Amino acid sequence: MRSSQVLIATLKETPADAEIISHQLMLRAGLVRRLASGLYTWLPMGLKVLRKAEAIVRQEMTSAGAQELLMPSIQPAELWQKTGRWNKYGPELLRLKDRHGREFCYGPTHEEVITELVGQEVRSYKQLPITFYQIQTKFRDEIRPRFGLMRAREFLMKDAYSFHLDQESLQQTYDSMFAAYSKIFERMGLNFRPVQADTGSIGGNASHEFHVLASSGEDAIAFSSQSQYAANVELAEALAPRGKRLPAVAKMTNVDTPKKHTIDEVCQYLDIMPAQCIKTILVQGSEEGSVVALVIRGDHEINEVKAEKNPLIAAPLTFCTPEQVTKACGASIGSIGPVGLTIPLLVDRAAANIANFVCGANQNGQHFSGVNWARDLPEPETADLRNVVAGDPSPDGEGVLEIARGIEVGHIFQLGDNYSKKLNANVLAESGKSQILSMGCYGIGVSRVIAATIEQYHDDRGIIWPLALAPFQVVLVPINAHKSIRLRESAEALYQHLLDAGFDILFDDRGQRPGVAFADMDLIGIPHRLILGERGLDNGMVEYKCRADGSESEFSIDDVVVQLRKRLNI
RNA sequence: CGGGGCAUGGCGCAGUCUGGUAGCGCACUUCGCUGGGGGUGAAGGGGUCGUAGGUUCGAAUCCUACUGUUCCGACCA
């Protein structure tokens, strides 16, 4: 393609509202433009990239045996009412009415539609298992869209759904989707990790997320230094400490801690480490109006996902109001402790393992020190309530955990029969009886993958596309073509030659000054650059530069196809 | 939802405090010189100063309301 025929909408300056690097570079390279909060137009150059990502996804879905279809982006409320999600989904669901006053939503996901469809169209066990996928625009009315395309409201998603008679078949498709996802992200050239994940409100047996590793990632993932174990921190189990609790030597005493509320303040005031304190957090219990105390070590954090799974605790996890706190323990936030509490107490394994600790005294401005379980208060009921931290033992017993940041680009679930039951999706089984289908669902945030890729591959000049996602594989820049008919003709001929040889090539025929052309192409991130100038032409040579490592070389024009193929690894 | 910032040409910003009819850089158009990492000179085009009210002889500037947008928070014991 000729650059004079593609919109090259590069920006010299960084737009003020772009915070993270991928957002800045997508705007600067002219891949996208913002229309409204969380809504973006894909410009031609950006769309080329998006289509390449889509193509990879399509190929791997097809070879994993999934069939492509396309469902409407607008869905009737009725379907969502049947599964109960019309009420449950909350304000993220964009609801709308047509001219007759019928209610619809803009689909944030398509479980309802596909389940309904399969329930109608698939009648016999002989047609199973079956997997469908689509690449469709979704809309989720995020509380706070941010980071450009990373957390946009409208985004492009590949979603696949599989249908089965039994768990074994579901597991098989799940495994092949897992493999297909790995293949997809490998082909894109991404540094990624599959991790065990929480199934969230959807429920189900198994779930994995695929994360692109990047320091700007919104998720924390834990992985073992020695084994294959990897999990979202939301899920990663914090094992009980191996060592025995130290003996209770200190005497429990009441200490004044005026106006010291946070763990940090108390620790500084008493000159102790946060690990010697415990913090007590009051949350709503699962019974209406009840309150439960959660106890963790001072240097740890509550894991909401784990906590709300506890039968005593209300989901979603809700912290108590100041009034409830005062009523339950007689002190306000900052002075709560487990000693003498009459409400149910759940203690994290690590917090249960410390001795001679400091905690709130349930009296404002007072803490206890030298407190010990089984002496000053009963031996506690323990639970896993905290986020794992780096250095914790790996839950599989091998190695210790490390923590990294990740961008979630894919998520696969075993849904079971949650949706099929409610939408009555069943088939006749071999026995002649009708049977509810069991389901899996598999998503990839295609537009997010693009942003994640840029987070991983850029430098101070711009984007450095992995070959598989680059808008063009090669760019040909003629230098000073305006001055020389010979050069113009040679450049045209070379362009045609490379086109015929099957390269995905951009011919920069804009006639810009070399500096401008180079800067634009570096910003856009085309992996391989050929430069044709008078100098080289005299010797029948063309210059080559690699975007990723900056290496330069020169080779004969006659040899250019061979040389490029070598560098493109084809 | 709570708190803060911002809104002036396509982009980045100044001007607002102290009211007098809008400016800079980049980009864009034309012409010249130049031509291997965002060159240069000249001449141009482009702005209801977010919207609506109000104060005033006069409002980008002061007041009120609204809208948009963005950042932080919604893990706090």
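To find a chain, count down the sequence lines: A is the first, B the second, and so on, and within it residues start at 1. Here the structure is a predicted model, which means the values were calculated and not measured.
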Return the value, rounded to whole Å, for the distance between atom CZ of Arg151(A) and atom C1' of U69(B).
-> 19 Å
Between atom CZ in Arg33(A) and atom C1' in U69(B), what is the gap in whole Å?
-> 17 Å
Under 4.0 Å between any heavy atoms, over every strand shown, what does Asn387(A) touch: base, sugar-phosphate, or nothing? Just pick one.
-> base
In Watson-Crick or G-U wobble terms, both distances under 3.5 Å, what is the partner of G36(B)?
-> none
Pairing nucleotide - G12(B), Watson-Crick or G-U, each distance under 3.5 Å = C24(B)
Of the nucleotides A77(B), C13(B), U69(B), which one has an atom closest to the side chain of Ala16(A)?
-> C13(B)
Considering only atom C1', compute the distance from U67(B) to G12(B) and round it to an integer number of Å.
-> 24 Å
Can you give each donor-acceptor pair under 3.5 Å made by side-chain atoms of residues 302-314 of chain A, sequence neighbours left out, with the distance rounded to 0.1 Å?
residue   : atom : partner   : partner atom : Å
Asn303(A) : OD1  : Val305(A) : N            : 3.0
Asn303(A) : OD1  : Lys306(A) : N            : 2.8
Asn303(A) : ND2  : Val233(A) : O            : 3.1
Asn303(A) : ND2  : Glu234(A) : O            : 3.0
Asn303(A) : ND2  : Asn387(A) : OD1          : 2.9
Lys306(A) : NZ   : Ala236(A) : O            : 2.6
Lys306(A) : NZ   : Asp384(A) : OD1          : 3.2
Lys306(A) : NZ   : Asp384(A) : OD2          : 3.1
Lys306(A) : NZ   : Arg386(A) : O            : 2.7
Glu308(A) : OE1  : Leu317(A) : N            : 3.0
Lys309(A) : NZ   : Asp198(A) : OD1          : 2.8
Asn310(A) : OD1  : Leu312(A) : N            : 2.9

With both distances kept under 3.5 Å, what pairs with U29(B), Watson-Crick or G-U wobble?
-> A43(B)
When rounded to the nearest Å, what value does the distance between P atoms of C62(B) and U69(B) take?
-> 24 Å
On RNA chain B, nearest-nucleotide positions of Glu19(A) versus His367(A): which is more 5'?
-> Glu19(A)
Give Leu317(A) one of three labels, base, sugar-phosphate or nothing, depending on what nucleic acid heavy atoms sit under 4.0 Å from its own.
-> nothing
State whether Phe472(A) and Lys48(A) meet the cation-pi test: NZ (Lys) or CZ (Arg) under 6.0 Å from the six-membered ring centroid, and within 45° of the perpendicular axis.
-> yes
Residues 267-281 of chain A vs side-chain hydrogen bond (donor to acceptor under 3.5 Å, both in side chains), sequence neighbours excluded, gives none
State the pairing partner of G73(B); accept Watson-Crick or G-U wobble contacts with both distances under 3.5 Å, and report none otherwise.
-> C1(B)
Classify the angle between the aromatic ring planes of Trp373(A) and Phe357(A) as parallel (below 30°), tilted (30 to 60°) or perpendicular (above 60°).
-> tilted
Now, which nucleotide makes the Watson-Crick or G-U wobble pair with G50(B), with each of the two distances under 3.5 Å?
-> C66(B)
Paired to U61(B) by Watson-Crick or G-U wobble criteria (both distances under 3.5 Å) is none
Atom C1', compared across G38(B) and A43(B): separation rounded to whole Å = 23 Å
Could you point out which residue of Leu156(A), Ile450(A), Val49(A) forms a side chain to side chain contact (heavy atoms under 4.5 Å, CB included) with Trp42(A)?
-> Ile450(A)
How far, in whole Å, is G25(B) from U64(B) if one measures between their P atoms?
-> 36 Å
Distance between C1' atoms of C63(B) and G19(B) (Å, rounded) = 13 Å
Ring-face cation contact, Phe155(A) with Arg448(A), 6.0 Å cut, 45° max | no
Would you please confirm or rule out a distance under 4.0 Å between OP1 or OP2 of U70(B) and any side-chain N or O of Ser37(A)?
-> yes
More 5' along RNA chain B: Ile278(A) or Asp17(A), using each one's nearest nucleotide?
-> Asp17(A)
Leu35(A) CG to G10(B) P: how many Å, rounded?
-> 16 Å
How long is the line joining CD of Glu13(A) and P of A27(B), in whole Å?
-> 10 Å
Is it the case that Arg529(A) places NZ or CZ above or below the six-membered ring of Phe518(A), under 6.0 angstrom from the centre and within 45 degrees of the axis?
-> yes
Expressed in whole Å, how much space separates the C1' atoms belonging to G46(B) and G9(B)?
-> 6 Å
Treat primed atoms plus P, OP1 and OP2 as sugar-phosphate and everything else as base, then score nucleotides 35-42 of chain B 5' to 3': B for base contact with protein heavy atoms under 4.0 Å, S for sugar-phosphate contact only, - for none.
-> BBBBB---
May I ask you to check if Arg95(A) and Trp86(A) form a cation-pi contact, with NZ or CZ under 6.0 angstrom from the six-membered ring centre and within 45° of the axis?
-> yes
Are the side chain of Asn356(A) and the backbone N or O of Ala248(A) linked by a donor-acceptor pair below 3.5 Å?
-> no
Round to a whole Å and report the spacing from CG of Leu385(A) to P of C75(B).
-> 16 Å
Starting at CD of Glu142(A) and ending at P of C71(B), how long is that distance when rounded to a whole Å?
-> 13 Å
What interatomic distance, in whole Å, is found between P of U61(B) and the corresponding atom of G20(B)?
-> 11 Å
What integer number of Å spans the C1' atoms of G53(B) and C13(B)?
-> 29 Å
Can you tell me the distance, in whole Å, between the CD atom of Glu234(A) and the P atom of C75(B)?
-> 13 Å
Atom pair distance, as rounded to whole Å: CZ in Arg146(A) and P in G5(B) | 20 Å
